[in-house]
Amino acid sequence: MTRLSLPTRSTPAPRAPLDDGAAASEPSLPACRRAWQLLCDAGMSAPANGIRLAADPLLAGALQDACDAGRLPGALIEAEIRRALAHGPRDATLLAAVLLAAVALEHLRGGRRAMLLAAACAERARRPDAAAVGGAVLRAHATLVLARRAPLRDAALLQAEACRSEAARPDTLARNAVLWTGTRLLCGAPLNELLQYGEAVRQTIAMDPPSTATSQLDGRIGLFRALAGTAHAPFLPTLAPEAMRFGCWLGVLQATWLRGEMGAARAALAAARELVTPLTPPCELLPYHLFGALTLARLRGIPGVAAQLRAHRRALQAWARRSPDAAGAMALLAHAAEQDAGGGARALAAYEGAAALARAHGQAWIAALAWEGAAGLCGGQGLAGALPAYRRLALDAWRDWGAHGRARDLMQAWDAVPATRDHDQQTRAARAGTVGELGIAIAHEVNQPLAAILLHAAAARRWLRRGEPDTARALEALEQISTCGRQAGDIVRSVRGLARREGEAASTFALDAAVAEVAQLLRALMVRQNVQLDTRLQLPEHQVHASRAQIQQVLINLLLNAIEALATVSGRPRRIVLESAPAGPGLVELRVRDNGPGIAPSDRERIFDALYSTKPHGTGVGLSISRTIVHAHGGRIEYAPAEPHGALFRVVLPVRTAATSGAARSTMSSHWRTP
């Protein structure tokens with residue numbers, strides 16, 4: 001991603017300069033409170049009751065300019081409401097009333113009355129005599145009122161209507177494009193849609209002279225281009241810092257955070273903080289709080305940072321309570337970042353929760369940020385086993401959104417595995433990657449018994465602290481703690497053999513039990529990927545003599561490949577069938593079948609070859625290692641297309657005894673010996 005520079009400042013950025021005569025209107029919550037009380041006494045429908053609205057272009061222009069600049073023209077609003085109640089409404093009265101409704105909703109406990117006032121003004125603004133301010137009223141209603149209470153997509157639809165009807169000035173076009181792309185971003189729109197719309201609007205606006213509004217739009221387009229990975233360089237702000245409005249500083253904050261320039265991001269955050277007003281649109285305010293929290297979470301040991309981070313997190317939580325579709329995932333991500341900054345052990349689960357909620361709301365870019373946070377936590381805490389899985393999830397989420405440039409930059413920063421490593425290095429990396437991809441699922445599985453342990457421990461304390469201790473129930477709770485502890489230990493031990501190669505020695509074990517163990521380990525991952533697992537185990541009495549860990553690794557490789565293949569499937573349920581069955585005298589068979597896209601005929605002959613992969617970033621060793629393991633056990637692995645679509649992998653193994661396994665153990669031992 002091309003570097004985005006921050007305008008240099010020696011002092012905190014002051015508020016944007018006011019127009020001549022505008023100082024009297026800055027900022028006045030008490031004036032808005034008085035105007036609101038007047039409307040409450042007169043009735044909410046008064047501003048929209050005029051038979052025909054007279055035009056007042058000067059007042060309408062002043063209100064619109066203040067709104068575009070993010071200022072609160074409280075004195076103008078109060079004066080116009082007083083005049084309208086005495087002499088009847090004008091077109092500017094509608095805009096003043098909608099701005100007042102936005103302030104009342106946020107700061108004056110306006111609630112339902114504010115929503116009704118804004119809706120009445122928006123409906124009145126569609127009539128021909130309100131054409132001069134009609135688009136501005138609809139835009140203010142959408143971005144300042146509906147976005148605070150209604151489903152976000154309703155606000156986006158009304159905002160689109162405002163964009164069509166409000167196209168008189170280049171600055172208005174540019175500001176509308178910034179707000180519309182911001183709202184659609186919160187709705188989870190694909191990156192290419194946002195970029196194409198911004199570029200289409202920019203082409204209709206003269207390039208010179210640059211204005212604050214066009215600078216905001218240029219910054220937004222430059223950021224989208226950099227994320228998408230196109231050849232265009234990001235926009236570099238040319239305005240003086242004191243002329244930069246909130247939206248400009250927000251763009252700089254986001255760009256510098258993505259570049260990892262935390263000092264510059266903190267400076268942009270401080271500048272943006274000075275420009276927040278009651279009329280700051282939620283589509284800009286929410287990303288400001290999110291990237292503010294993410295920035296401050298990376299600044300350790302600086303006085304006051306923890307309190308500022310907490311303030312951003314609380315602001316997002318307040319937004320999430322009233323607008324969960326817009327801010328729910330952001331609030332969880334800010335919470336995860338705060339826990340991460342404080343060294344909290346639960347930050348990893350919080351990152352996962354944020355990613356899951358973001359995905360449920362279609363906000364792939366927030367999910368990507370959450371997975372990035374989880375990867376950063378693993379890297380900082382030395383959790384090397386889980387690190388590759390979280391990085392992969394982050395890259396996949398960015399690509400799903402269309403941010404291929406961001407994915408490319410992260411791969412470079414994370415030192416992507418070179419394609420020239422020798423086969424033994426690839427083999428060890430694949431084994432580590434297999435364990436790493438299980439990290440998330442293992443965390444979920446271990447969390448369940450740990451949570452139960454905490455509950456039973458609390459219960460035991462309660463029974464023992466009673467006036468007459470109930471030792472029987474306390475002992476029952478302690479027994480449950482022991483059971484849950486053993487369950488957690490079993491889960492950890494079942495994977496430790498893969499990580500440390502402790503399971504390579506051959507042993508006699510129940511094949512179905514080993515298969516069920518793999519299914520349990522991956523079940524949580526499949527739930528998050530919306531994959532249904534159908535397990536059909538038909539060998540309850542069959543014992544095999546083999547390396548349990550290696551057979552399980554083969555199954556894990558096949559199942560992870562199936563899960564990844566199903567990620568592109570839509571329009572039908574994602575399904576994997578895992579089966580065990582007899583395959584003839586002295587033979588057993590394991591089958592993994594998915595209903596994904598399958599494997600192209602041209603690739604089928606080579607899928608088991610070392611270093612050959614059908615995936616853009618695959619290592620090409622997973623299936624090769626699986627074949628080596630199966631052959632070392634005297635078996636075979638085959639691929640066949642599934643019907644009506646998908647892939648079927650069959651692993652056929654002999655039912656062997658300890659006496660006939662010596663040669664196989666020797667072969668396996670030499671294959672896995674570290675050079």
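The residues of the chain are indexed from 1 along the displayed sequence.
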Name all residues meeting the side chain to side chain contact (heavy atoms under 4.5 Å, CB included) criterion together with His312; count only those two or more places apart in sequence or in a different chain, and write none if there are none.
Leu269, Arg273, Tyr288, His289, Ala293, Leu296

Closest approach of Pro73 and Leu63, non-hydrogen atoms and distance?
CG-CD2, 3.9 Å

Minimum heavy-atom separation for Ala337 and Ala297, please, with both atom names.
O-CB, 3.6 Å

So Phe246 and Leu279, side chain to side chain contact (heavy atoms under 4.5 Å, CB included) or not? Walk me through it.
CA-CA 11 Å; Phe246 181 87; Leu279 294 184; over 6 Å; no

Is there side-chain contact between Tyr351 and Asp340, with at least one heavy-atom pair below 4.5 Å?
yes

Heavy-atom side-chain proximity of Leu179 to Glu284 below 4.5 angstrom
yes

Between CZ of Arg259 and CG of Asp409, what distance do you get to the nearest 0.5 Å?
6.5 Å

Leu294 side chain near Leu290 side chain, heavy-atom distance below 4.5 Å
yes

First locate atom OG1 of Thr256, then atom CH2 of Trp249, and finally report the distance between them rounded to the nearest 0.5 Å.
10.0 Å

Contact summary for Ile77 and Ala96, nearest pair of heavy atoms
CG2-O, 3.8 Å

In Leu117, Leu144, Val145, the residue satisfying side-chain contact (heavy atoms from CB on, under 4.5 Å) with Leu105 is Val145

Side chain to side chain, Arg298 and Trp257, heavy atoms closer than 4.5 Å
yes

Could you tell me if Arg220 and Thr181 have a donor-acceptor pair between their side chains, going purely by distance under 3.5 Å?
yes

Pairwise distance CD(Glu193) to CD(Gln196) - rounded to 0.5 angstrom
8.0 Å

Is it true that the side chains of Gln216 and Arg245 contain a donor and an acceptor less than 3.5 Å apart?
no

Flag side-chain contact, heavy atom, 4.5 Å: Tyr197 against Trp180
yes

Minimal non-hydrogen separation, Cys283 against Gly182, with atom names
CB-C, 3.7 Å

So Tyr390 and Leu348, side chain to side chain contact (heavy atoms under 4.5 Å, CB included) or not? Walk me through it.
CA-CA 10 Å; Tyr390 285 117; Leu348 199 58; 3.4 Å; yes

Given the rule in the side chain to side chain contact (heavy atoms under 4.5 Å, CB included) test, do Leu223 and Gln254 qualify, once you have shown the distances and angles that lead to the verdict?
CA-CA 8 Å; Leu223 181 62; Gln254 293 171 308; 3.7 Å; yes

Heavy atoms, side chains only, cut-off 4.5 Å: are Glu80 and Leu95 in contact?
no

Would you give the length of the straight line joining atom CD of Glu261 to atom CG of Leu253, rounded to the nearest 0.5 angstrom?
12.0 Å

Excluding sequence neighbours, so at least two apart, what forms side chain to side chain contact (heavy atoms under 4.5 Å, CB included) with Ala403?
Leu191, Leu227, Trp398, Trp401, Arg406

Show your working on side chain to side chain contact (heavy atoms under 4.5 Å, CB included) between Arg33 and Glu78 and close with a plain yes or no.
CA-CA 9 Å; Arg33 186 175 290 108; Glu78 182 187 11; over 6 Å; no

Side chain Trp365, main chain Leu185, donor-acceptor under 3.5 Å
yes

Non-neighbouring partners of Arg321 that pass side-chain hydrogen bond (donor to acceptor under 3.5 Å, both in side chains), sequence neighbours left out:
none

Spatial distance of atom CG (Leu186) from atom NE2 (His361) [nearest 0.5 Å]:
12.0 Å

Looking only at heavy atoms, what is the nearest atom pair of Val103 and Pro278, with distance?
CG2-CB, 4.3 Å

For Ala329 versus Ile366, what's the shortest heavy-atom pair and its separation?
CB-CG2, 4.0 Å

To the closest 0.5 Å, what do you measure between CG (Leu275) and CZ (Arg71)?
11.0 Å

Between Asn192 and Leu195, is there a side-chain heavy-atom distance shorter than 4.5 Å?
no

Do the charged groups of Glu199 and Arg202 touch, with an N to O distance under 4.0 Å?
no

